[in-house]
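As the structure lists them, so they are numbered: ligands from 1, and atoms in each ligand from 1. Small disclaimer: the values here were computed from a predicted structure and weren't measured.
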Amino acid sequence: MKPNVLMCAPEYFGVRYAINPWMEGQIGQVDSAVALRQWTEFYHALRSQAEVHLIDPQPHVPDLVFTANAGLMVDGHFIPSRFKHEERRREEPLFREWFKTRTTRHTGLPKNLFFEGAGDALLQPGRKLLWAGYGFRTDREAHQFLAEQLEMEVVSLKLIHPSFYHLDTCFCPLLEDQVMYFPAAFDAESLKTIQAHVRPENRIIVTEEDAVHFACNAVLVDRVLFLNHAGPELIQLLEQKGYTPVIQPVSEFLKAGGANKCLTLSL
Ligand code: ARG
């Protein structure tokens, strides 16, 4: 069975406010035609591997395309996001509406906690383990709530680099206990935490050059890895580990601080 993924067409996508460093200086700079072409090509490539569902775009929410931030879906249990920034809080009712008829379980967050969904919460395939980021958007206290609700181990990682403000911008769990990540995005303690959970041969270290082109923001389906960019060494490393990297450029979306993974939500 193909995995299910949620996406949102970029009809109204653009940079209209700045809530992360990538957006600064980019207001009004998105080329809508290029964005639509890049998104459509990615959508078709993904559709060959996954069942892609769509939520209707709306004019007042330009970041709705980043469906990774809708919430977190684990085995039919949906935990909706509460966005840190008011600009994105307008997306909450739209996602709530979409999920209302599509989930068997829906658990709201406790009051006053921020959580930005699968942008800050990544499952390790084949294990009952959730990696969760905090520091910029999601509150660390929300991790505890996720652990209780999902009944799984949640490993908290502190993000310290403003350009890598969501966990999925700098960390990507892969198969067979492997992970790929950009170390400079994490504090020293979190790096030790990663090392304690993942054996050296299973750690793929991403260079700054690849990281700033969102190489960690990859979508894994089967052994196919869709990413905006990966240099020759990273490509070779991934291939050696048995993956098929597919470069699917989404440069217009980088202007808003997101790439391939942010444009999808695993259902
Ligand atoms: N402009 C959006 C924001 O700052 C980008 C979200 C990227 N999403 C992600 N999962 N990293 O919230």
Side-chain angles (χ1 to χ4, degrees), residues 5-8 10 12-30 32 35 38-39 42 46 55 57-58 60-73 79-92 94-95 114-123 130-139 142 146 157 159-173 180-182 185-186 206 211-220 226-229 248 250-267:
V5 170
L6 176 66
M7 291 181 75
C8 173
Y12 304 106
F13 167 67
V15 179
R16 291 203 236 123
Y17 46 78
I19 56 170
N20 70 53
W22 303 90
M23 300 175 100
E24 276 155 32
Q26 294 291 357
I27 294 180
Q29 297 302 308
V30 168
S32 304
Q38 291 178 334
W39 184 91
F42 176 41
L46 197 57
I55 180 170
Q58 301 285 340
H60 64 296
V61 279
D63 274 337
L64 194 72
V65 291
F66 299 114
T67 52
N69 301 120
L72 178 67
M73 180 78 123
I79 300 181
S81 292
R82 182 176 296 118
F83 287 94
K84 181 100 176 177
H85 297 99
E86 184 268 320
E87 290 88 338
R88 292 205 69 186
R89 235 167 272 155
R90 298 170 217 157
E91 299 173 31
E92 290 172 17
L94 303 173
F95 285 126
F114 294 118
F115 169 56
E116 296 206 353
D120 270 330
L122 304 168
L123 287 166
L130 185 75
W131 301 95
Y134 71 99
F136 292 102
R137 301 291 182 87
T138 295
D139 288 323
L146 295 176
L157 300 175
L159 304 169
I160 56 163
H161 192 313
S163 298
F164 300 93
Y165 57 93
H166 275 143
L167 185 62
D168 68 358
T169 63
C170 51
F171 190 89
C172 178
M180 146 168 111
Y181 64 106
F182 175 51
F186 300 93
V206 172
V212 297
H213 293 97
F214 277 68
C216 297
N217 200 246
V219 180
L220 178 67
F226 295 97
L227 24 71
N228 173 63
H229 165 93
Q248 201 64 62
V250 289
S251 54
E252 287 309 303
F253 298 89
L254 262 62
K255 295 176 179 173
N260 308 70
K261 159 70 172 59
C262 308
L263 292 169
T264 67
L265 176 69
S266 171
L267 299 172

Arg90 and Glu86: salt bridge (Lys or Arg N to Asp or Glu O under 4.0 Å), yes or no, with the steps?
CA-CA 7 Å; Arg90 298 170 217 157; Glu86 184 268 320; 3.7 Å; yes
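Using bins of under 30°, 30° to 60° and over 60° for the plane-to-plane angle, the ring pair Tyr181/Phe186 lands in the perpendicular bin.
Closest of all the heavy-atom pairs between Thr264 and Val5 is CB-CG1, 3.6 Å. Listed here is the closest heavy atom pair of Glu116 and His166: OE1-NE2, 2.7 Å.
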Measure and list all N/O to N/O distances between ligand 1 and the protein that fall under 3.5 angstrom.
from     : atom 1 : to     : atom 2 : distance (Å)
ligand 1 : 1 (N)  : Asp63  : OD1    : 3.2
ligand 1 : 1 (N)  : Asp63  : OD2    : 2.9
ligand 1 : 1 (N)  : Ala256 : O      : 2.8
ligand 1 : 4 (O)  : Asn20  : ND2    : 2.8
ligand 1 : 4 (O)  : Arg137 : NH2    : 2.8
ligand 1 : 8 (N)  : Asn69  : OD1    : 3.0
ligand 1 : 10 (N) : Asn69  : ND2    : 3.4
ligand 1 : 10 (N) : Asp168 : OD1    : 3.3
ligand 1 : 10 (N) : Asp168 : OD2    : 2.8
ligand 1 : 11 (N) : His166 : ND1    : 2.9
ligand 1 : 11 (N) : Asp168 : OD1    : 2.8
ligand 1 : 12 (O) : Arg88  : NH1    : 2.9
ligand 1 : 12 (O) : Arg137 : NH1    : 2.9

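Every side-chain contact (heavy atoms from CB on, under 4.5 Å) that Ala218 has, sequence neighbours left out, goes to Cys172, Met180, Leu225, Leu227.
The main-chain N or O of Tyr17 is never found under 3.5 Å from a side-chain atom of Glu87 such that the two would form a donor-acceptor pair.
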